[in-house]
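Remarks on the structure that follows.
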Number of protein chains: 2
Amino acid sequence: MQDILFDFIAKYITLTEEEKNALLSLGLFRSVKKGTILLKEGQITRESFFVLKGCIRKYYIIDGDEKTTAFFTEMEGITPHCAINNAPSEYFISCIEDTILTVSNPDMGVEINAKFPKFEIMCRILSEELLAKQQINFDEFKTSSPEQRYLNLLQNRPDLIQRVPQHQLASYLGIKPQSLSRLRARIFEKEKK
Amino acid sequence: MQDILFDFIAKYITLTEEEKNALLSLGLFRSVKKGTILLKEGQITRESFFVLKGCIRKYYIIDGDEKTTAFFTEMEGITPHCAINNAPSEYFISCIEDTILTVSNPDMGVEINAKFPKFEIMCRILSEELLAKQQINFDEFKTSSPEQRYLNLLQNRPDLIQRVPQHQLASYLGIKPQSLSRLRARIFEKEKK
DNA sequence: ATAAATCGTTCACTTAAGTTAAGAAATAAT
DNA sequence: ATTATTTCTTAACTTAAGTGAACGATTTAT
């Protein structure tokens, strides 16, 4: 299991056996069942999540219904906003599949960074990459219609369409489930011709 | 003029006179006229921009028309994606007012960081803040309608509505200029009652 | 100063998303 | 296994955004 994590890290820095063991000794790994809520609105956590296998989802509850704004699958992670600014979370994070993740907190970060400065480098690269990706995603979202967004998703993350419930996908695309159904039917009609 | 920059920096770290002079010696400041294009699609730059006074705008040209995805006003800055990954820019950056900005490149960053490690700290804080803001903005955009987005903007950045042309605002809100006109008329009607 | 281009608004019409409701299909619970 | 719950789709209707065109108003260029 840990191999998944080490393979990922290997893309950025090279670890010695000693370093790997230091990482393992932190007891990062956690296995959670589908449906588990990792973070609730109003709650404050200091934990960050990184998905090794499975899928988690970030959503708000606004006027009583869920608005999904992000999915995190293999090799993606999230540090909740509340872990940074110590304020109650505005959103929920839950598992939409049985999921294996690493759960870390700032103390572990400090500890590991002190022992192995390499990590600091990886963290900087990761956060730069993340910021860049984030900006591109945002621009893409802003500049497309729901239909284009769906087609983009089909191109870029086809797995999501398979593994995520439609109504969650819909809100991720910024529309209602009924509109997604209709939109899919519309696309299907176009293709048939 | 430089006072604006130093006041901003003072919020994060404390600078000695020596450090201030080192900064000034880099020749960061540039004054540009309204309409100036700082970055074109297809072009590669290594420059980052930070607005001291005025307003710049980031936009794509898609199917022949402009899609504005961001405005940067006083104390806001942007490092174009192309400056990070050395690939041709996907978007334009231009000035919508006469603007005073600092223009920096990675070499200057390296130089100043080597001399004054403090800067590294400020940069880390700034990029964390930026990432957090970015995520919240994205979520807010995804979870609201164009009308709500306009009302939010009215709350959070009322200056933008004054200083930015309507058709650019419209595309920033994800709609057409005509729809923005209509939407404003609609809101005005509601208020009258 | 005048002409040209750009900008903002309005209107009529089209297209797509929101809403409410209903029913079938799939999942989860007992 | 059966019931209950959730999920997905379809349909009819409403609301809002897209489109194309027209017309002042403003800004820019000459």
Side-chain angles (χ1 to χ4, degrees), chain A residues 33-37 55 57 59 61-68 71 92 94-98 141-154 160-190 192-193, chain B residues 33-37 55 57 59 61-68 71 92 94-98 141-154 160-190 192-193:
Chain A
K33 286 235 151 185
K34 176 175 179 174
T36 307
I37 294 182
C55 183
R57 152 185 171 249
Y59 62 99
I61 294 189
I62 297 176
D63 298 331
D65 45 28
E66 295 182 0
K67 304 262 189 179
T68 298
F71 298 102
F92 296 75
S94 80
C95 301
I96 65 174
E97 296 174 0
D98 291 349
F141 190 93
K142 271 196 178 176
T143 57
S144 10
S145 65
E147 184 169 330
Q148 286 171 309
R149 278 175 220 150
Y150 178 79
L151 292 170
N152 284 343
L153 205 63
L154 212 53
L160 273 192
I161 294 175
Q162 298 309 316
R163 68 207 287 192
V164 168
Q166 297 290 314
H167 66 283
Q168 290 172 10
L169 256 191
S171 96
Y172 181 66
L173 296 170
I175 56 177
K176 302 281 153 176
Q178 298 92 317
S179 299
L180 179 54
S181 269
R182 182 167 40 194
L183 180 159
R184 280 155 54 94
R186 204 163 61 217
I187 291 171
F188 192 68
E189 277 307 305
K190 283 183 198 161
K192 231 173 41 183
K193 286 174 200 163
Chain B
K33 286 236 152 186
K34 176 175 180 174
T36 307
I37 294 182
C55 182
R57 150 184 173 253
Y59 62 98
I61 293 189
I62 297 175
D63 298 333
D65 45 29
E66 295 182 359
K67 303 263 189 179
T68 299
F71 298 103
F92 296 76
S94 80
C95 301
I96 64 174
E97 294 173 2
D98 291 350
F141 190 92
K142 271 196 178 177
T143 56
S144 12
S145 65
E147 184 170 330
Q148 286 172 308
R149 278 175 220 149
Y150 178 79
L151 293 169
N152 285 342
L153 206 61
L154 213 52
L160 273 191
I161 293 175
Q162 299 309 316
R163 68 208 287 194
V164 169
Q166 295 291 314
H167 66 284
Q168 291 173 10
L169 255 192
S171 96
Y172 181 66
L173 295 170
I175 56 177
K176 303 281 153 179
Q178 298 93 319
S179 299
L180 179 54
S181 269
R182 182 166 42 194
L183 179 159
R184 280 156 54 95
R186 204 164 60 218
I187 290 172
F188 192 68
E189 277 307 304
K190 282 182 197 162
K192 232 172 42 182
K193 285 172 201 165

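Chain letters run A, B, ... following the sequence lines, proteins first and then strands; every chain starts at 1.
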### Task
Would you jot down, in residue-number order, the residues of residues 169-178 of chain B having a non-hydrogen atom under 4.0 Å from DNA chain D?
Gly174(B), Ile175(B), Lys176(B), Gln178(B)
#### Entry: Expected output: side-chain Asp98(A) to main-chain Lys34(A) donor-acceptor under 3.5 Å
yes
### Message
So, OP1 or OP2 of dA17(C): does either fall under 4.0 Å of a side-chain N or O from Arg186(A)?
### Response
yes
### Query
Given atom CD of Gln166(B) and atom P of dC7(C), what is their separation to the nearest angstrom?
12 Å
### Task
Let me know the distance between CG of Leu180(B) and C1' of dA16(D), rounded to the nearest Å.
14 Å
### Message
If the condition is side-chain contact (heavy atoms from CB on, under 4.5 Å), which residues does Ile161(A) pass it with, not counting sequence neighbours?
### Response
Tyr150(A), Leu153(A), Leu154(A), Leu169(A), Arg184(A)
### Message
Expressed as a whole number of angstroms, how long is the span from Phe188(A):CZ to dT9(D):P?
### Response
12 Å
### Message
Using a 4.0 Å heavy-atom cut-off to protein, can you give one letter per nucleotide of nucleotides 25-30 of chain C, 5' to 3': B if the base is in contact, S if only the sugar-phosphate is, - if neither?
### Response
---S--
### Query
In whole angstrom, what separates Tyr150(B)'s OH from dA16(D)'s C1'?
17 Å
### Query
Quick one: the side chain of Arg182(B) and the base of dG8(C), do they pair up donor-acceptor inside 3.5 Å?
no
### Query
Ile161(A) CD1 to dC8(D) C1': how many Å, rounded?
15 Å
### Query
Within the pair Ser179(A) and dG18(C), is there a side-chain N or O less than 4.0 Å away from OP1 or OP2?
yes
### Task
Provide, to the nearest angstrom, the distance between the CD atom belonging to Glu97(B) and the P atom belonging to dT27(D).
14 Å
### Query
Does Gln168(B) reach the side chain of Phe71(B), with side-chain heavy atoms less than 4.5 Å apart?
yes
### Query
Counting only side-chain N and O atoms of His167(B), is one of them less than 4.0 Å from OP1 or OP2 of dG8(C)?
yes
### Query
Any donor and acceptor pair, going by atom type alone, linking the side chain of Thr68(B) with main-chain N or O of Ser171(B) inside 3.5 Å?
no
